[in-house]
Amino acid sequence: MKHLNAGLAFAAALSLFATVAPARAEPPKNIVLVHGAWVDASGWKPVYEILVKEGFRVTMVQEPETSFANDVTAAKRILDLQDGPTLLVGHSYGGSIITEAGVHPNVVGLVYVAAHAPDVGEDEAELGKKTPSVLAKTEGAIKVTPDKFTYLNPVEFPKLFAPDLPRERAEFAARSQVLAATQVFSTPLTAAAWKTKPSWGIVAGNDQIINPDLERWYYERAKSQTTVIPGASHSVYESHPKEVAAVITRAARSIDQQATR
């Protein structure tokens with residue numbers, strides 16, 4: 001009887017321990033992709049398809065590009081819909097968006113793809129002037145409408161934005177641009193998620209829209225794990241989807257490993 005009572009007490013103790021022991025952190029299965037200026041989320045399709053095959057739940061943000069605040073709100077709206085830890089990925093101007101929106105509680109890590117990553121009080125327009133790109137040095141490449149929306153000259157688009165894409169695809173992107181309000185590039189950030197959350201960065205080696213040296217500087221400052229894709233254009237997410245998806249997958253698995261330690 002004594003042995004029976006001791007066994008019951010031990011079982012009860014185990015049951016109590018199981019009740020109060022902290023749950024193991026859930027790995028990030030959700031990935032949210034944020035596009036940059038002048039394009040839409042359809043460009044993420046090659047990366048999306050790879051990530052879905054890897055077992056991730058992937059959602060794209062379609063930001064309106066009407067103001068920086070509206071674009072951040074669009075990203076947060078999608079983040080609100082995620083059911084757990086989420087890896088937030090941004091391309092180009094989308095890097096500014098994820099830097100601001102990445103303070104959302106669902107976000108556990110950031111991936112910058114040929115992207116801007118300003119600090120609080122900074123904006124990408126001013127930072128870009130300090131390390132100018134080929135685009136910045138190409139007179140007349142950026143056009144502005146009378147109501148202050150910008151677009152890239154369709155004639156210049158293929159050779160500046162997407163020289164390593166098939167010509168037909170680059171020309172389609174040039175003719176389907178989402179015009180971006182001038183203010184989206186010059187609105188100072190009020191939050192910088194890379195200061196408190198782990199980050200990864202991809203440098204597009206032949207980027208002519210953002211100077212690759214500026215990308216490197218951003219990622220070094222943020223202490224991001226950095227990958228350089230030599231020869232890649234600003235459209236690296238379309239021209240090198242396997243390499244981009246590999247970085248995203250590696251980031252998710254790294255966060256998973258940290259969460260389960």
Side-chain angles (χ1 to χ4, degrees), residues 22-36 41 44 47-48 50-61 63 71-120 122 124 189-204 210 215-229 236-237 240-261:
R24 196 172 81 168
E26 181 185 349
K29 290 296 184 183
N30 301 320
I31 296 176
V32 169
L33 306 175
V34 181
H35 65 79
W44 282 116
V47 171
Y48 165 86
I50 296 170
L51 294 174
V52 168
K53 288 180 180 178
E54 291 286 338
F56 293 103
R57 293 187 292 268
V58 187
T59 309
M60 276 70 65
V61 176
E63 63 263 25
D71 293 344
V72 170
T73 297
K76 288 182 175 179
R77 188 177 296 121
I78 297 300
L79 290 171
D80 286 341
L81 298 176
Q82 304 308 300
D83 60 1
T86 301
L87 189 64
L88 186 58
V89 183
H91 170 252
S92 191
Y93 160 65
S96 292
I97 296 171
I98 71 169
T99 299
E100 181 92 7
V103 296
H104 191 286
N106 280 342
V107 177
V108 293
L110 309 163
V111 180
Y112 292 92
V113 181
H116 290 283
D119 199 349
V120 174
E122 295 178 345
E124 61 182 66
L189 271 65
T190 62
W194 51 258
K195 287 187 170 182
T196 58
K197 299 183 180 183
S199 62
W200 289 257
I202 294 175
V203 175
I210 302 175
E215 294 170 13
R216 290 185 181 91
W217 179 80
Y218 278 133
Y219 307 155
E220 182 178 355
R221 180 174 67 169
K223 297 180 174 57
S224 307
Q225 295 186 38
T226 303
T227 299
V228 179
I229 301 180
V236 58
Y237 59 106
H240 294 75
K242 291 181 180 179
E243 292 96 324
V244 172
V247 172
I248 296 171
T249 299
R250 189 161 61 246
R253 288 175 178 165
S254 175
I255 293 171
D256 184 7
Q257 291 170 359
Q258 293 173 17
T260 54
R261 284 175 184 172

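Note: hydrogens, waters and symmetry copies are ignored here, and every other heavy atom, side chains too, is used.
- Atom OH of Tyr48 is surrounded by 12 or fewer heavy atoms from other residues, nucleotides or ligands within 6.0 Å.
- Side chains of Thr249 and Glu54: a donor-acceptor N/O pair is absent below 3.5 angstrom, by distance only.
- Nearest heavy-atom pair, Ala192 versus Val120, reported as atom, atom and distance to 0.1 Å: N-CG2, 3.8 Å.
- Note that the CD1 atom of Ile248 and the CG atom of Leu33 stand 5.5 Å from one another [nearest 0.5 Å].
- Partners of Arg216 according to the salt bridge (charged side-chain N to carboxylate O under 4.0 Å, His left out) rule, which considers only residues two or more places apart in sequence or in another chain, are Asp213.
- Nearest heavy atom pair, residue Val203 against residue Tyr219, reads CG2-CE1, 3.6 Å.
- Partner of Arg57 under the side-chain contact (heavy atoms from CB on, under 4.5 Å) criterion, chosen from Val32, Asp83, Ile31, Leu51: Asp83.
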Ignoring hydrogens and angles, write down the donor-acceptor pairs under 3.5 Å from the side chains of residues 87-94, residues two or more places apart or on other chains.
residue	atom	partner	partner atom	Å
His91	NE2	His234	O	2.7
Ser92	OG	His234	NE2	2.8
Tyr93	OH	Asp71	OD2	2.6

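- In this structure, CZ in Arg221 is found 11.0 Å from OG in Ser199, a value given to the nearest 0.5 Å.
- For residues 192-203, the salt bridge (Lys or Arg N to Asp or Glu O under 4.0 Å) pairs, not counting sequence neighbours, are Asp119-Lys195.
- Taking every heavy atom of both residues into account, His35 and Ala41 meet most closely at CD2-N, 3.4 Å.
- Residues passing the salt bridge (charged side-chain N to carboxylate O under 4.0 Å, His left out) test with Glu220: none are found, sequence neighbours excluded.
- To the nearest 0.5 angstrom, Leu81 atom CG is 10.5 Å from Asn30 atom CG.
- When all heavy atoms of Glu243 and Ile229 are compared, the closest pair comes out as CB-CD1, 3.6 Å.
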Which pairs would a plain distance check flag for residues 105-118, meaning a side-chain donor or acceptor within less than 3.5 Å of a matching protein atom at least two apart in sequence or in another chain?
residue	atom	partner	partner atom	Å
Asn106	ND2	Leu79	O	2.9
Asn106	ND2	Gln82	O	3.4
Tyr112	OH	Thr99	OG1	2.7
His116	ND1	Tyr218	OH	2.9

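- Counting only heavy atoms from C-beta outward, the side chains of Ile255 and Trp200 approach each other to under 4.5 Å.
- Not a single donor-acceptor pair under 3.5 Å links the side chain of Thr196 to the backbone N or O of Trp194.
- Residue Glu100 comes nearest to Val103 through the heavy atom pair O-CG2, 3.5 Å, listed as atom of the first residue, atom of the second, then distance.
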Handout entry: Intermediate values then yes/no, side chain to side chain contact (heavy atoms under 4.5 Å, CB included), Asp80 and His104
Key = CA-CA 8 Å; Asp80 286 341; His104 191 286; 2.7 Å; yes
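- Between Ile97 and Ala75, the shortest heavy-atom distance links the atoms CG2-CB, 3.8 Å.
- Every residue two or more places apart in sequence or in another chain that forms a side-chain contact (heavy atoms from CB on, under 4.5 Å) with Ala74 is listed here: Val61, Glu63, Pro64, Arg77.
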